[in-house]
Amino acid sequence: MAKVDIENYTSDDLTSEKLSNLVDNRKSFKVVAVKDIGFMVNKIEGAIEKQDLSCRVYSEFRSAAMGAVAIPTPVTIFGGLAAMVGTAAHNIATFNPDYEIGKNKIKNTLTVVYKKV
């Protein structure tokens, strides 16, 4: 698999014009030091959908939630199973997206990857 060249931007650097240009040119990029992840995800999603492209938003650590099913307590088993069901439903609803947006709330970053290379 080819290595994707990803440039970093801060939320302030990512103007609507710059974002539109990145999506128009089918670029992958990372947004660092994000203050409001929900706002930024909506902004990026809007720019992608404005160009009639699709996207999938996911949490980069969702596998940790699903891994909780291996810890044998009723709460972790139920939580892990719920995460798996939710993830499967979301993946079906957003099958074969043009872009994936990975949210990392711990590092306050968003990784936006163009998938149709």
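Residues take their numbers from the sequence shown, with the count starting at 1.
Evaluation of the side-chain contact (heavy atoms from CB on, under 4.5 Å) rule for S16 yields K43 as partners, not counting sequence neighbours. With sequence neighbours left out, the side chain to side chain donor-acceptor pair (under 3.5 Å) criterion links E7 to Y9. Residues that satisfy the salt bridge (Lys or Arg N to Asp or Glu O under 4.0 Å) test with D12, not counting sequence neighbours, are K35. The side-chain contact (heavy atoms from CB on, under 4.5 Å) search around N21 returns N25, not counting sequence neighbours. Not counting sequence neighbours, K50 has no partner by the side-chain contact (heavy atoms from CB on, under 4.5 Å) test.
Atom CG of L22 and atom CD1 of I48 lie 10.0 Å apart (nearest 0.5 Å). If you take CG on N104 and CD1 on I37, they are separated by 7.0 Å, rounding to the nearest 0.5 Å.
When side chains are defined from C-beta on, S54 does not count as touching E49, because their heavy atoms never get closer than 4.5 Å. Using a 4.5 Å cut-off on side-chain heavy atoms (C-beta onward), T15 and K18 make contact. For the pair F29/V113, no side-chain contact is recorded, criterion being any heavy-atom separation below 4.5 Å from C-beta on.
Contact detail for Y99 and V23: the closest heavy-atom pair is OH-CA, 3.5 Å. In plain terms, the two heavy atoms of L110 and I101 that are nearest each other are CD2-CG2, 4.2 Å. In plain terms, the two heavy atoms of K116 and P97 that are nearest each other are CE-O, 3.5 Å. Of all the heavy atoms in G102 and E60, the pair that sits closest is O-OE2, 3.6 Å. Contact record, S11 with A33: OG-O, 4.1 Å, taken as the closest heavy-atom pair. Counting all heavy atoms, side chain and backbone alike, R56 lies closest to N96 at NH2-N, 4.0 Å.
A salt bridge (charged side-chain N to carboxylate O under 4.0 Å, His left out) check over residues 20-33, counting only residues at least two apart or in different chains, returns nothing.
Each of I44 and V32 belongs to its own hydrophobic cluster when Ile, Leu, Val, Met, Phe, Trp and Tyr are linked at side-chain heavy-atom distances under 4.5 angstrom.
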Could you please spell out the steps behind the side-chain contact (heavy atoms from CB on, under 4.5 Å) verdict for E100 and V57? CA-CA 6 Å; E100 284 187 344; V57 180; over 6 Å; no

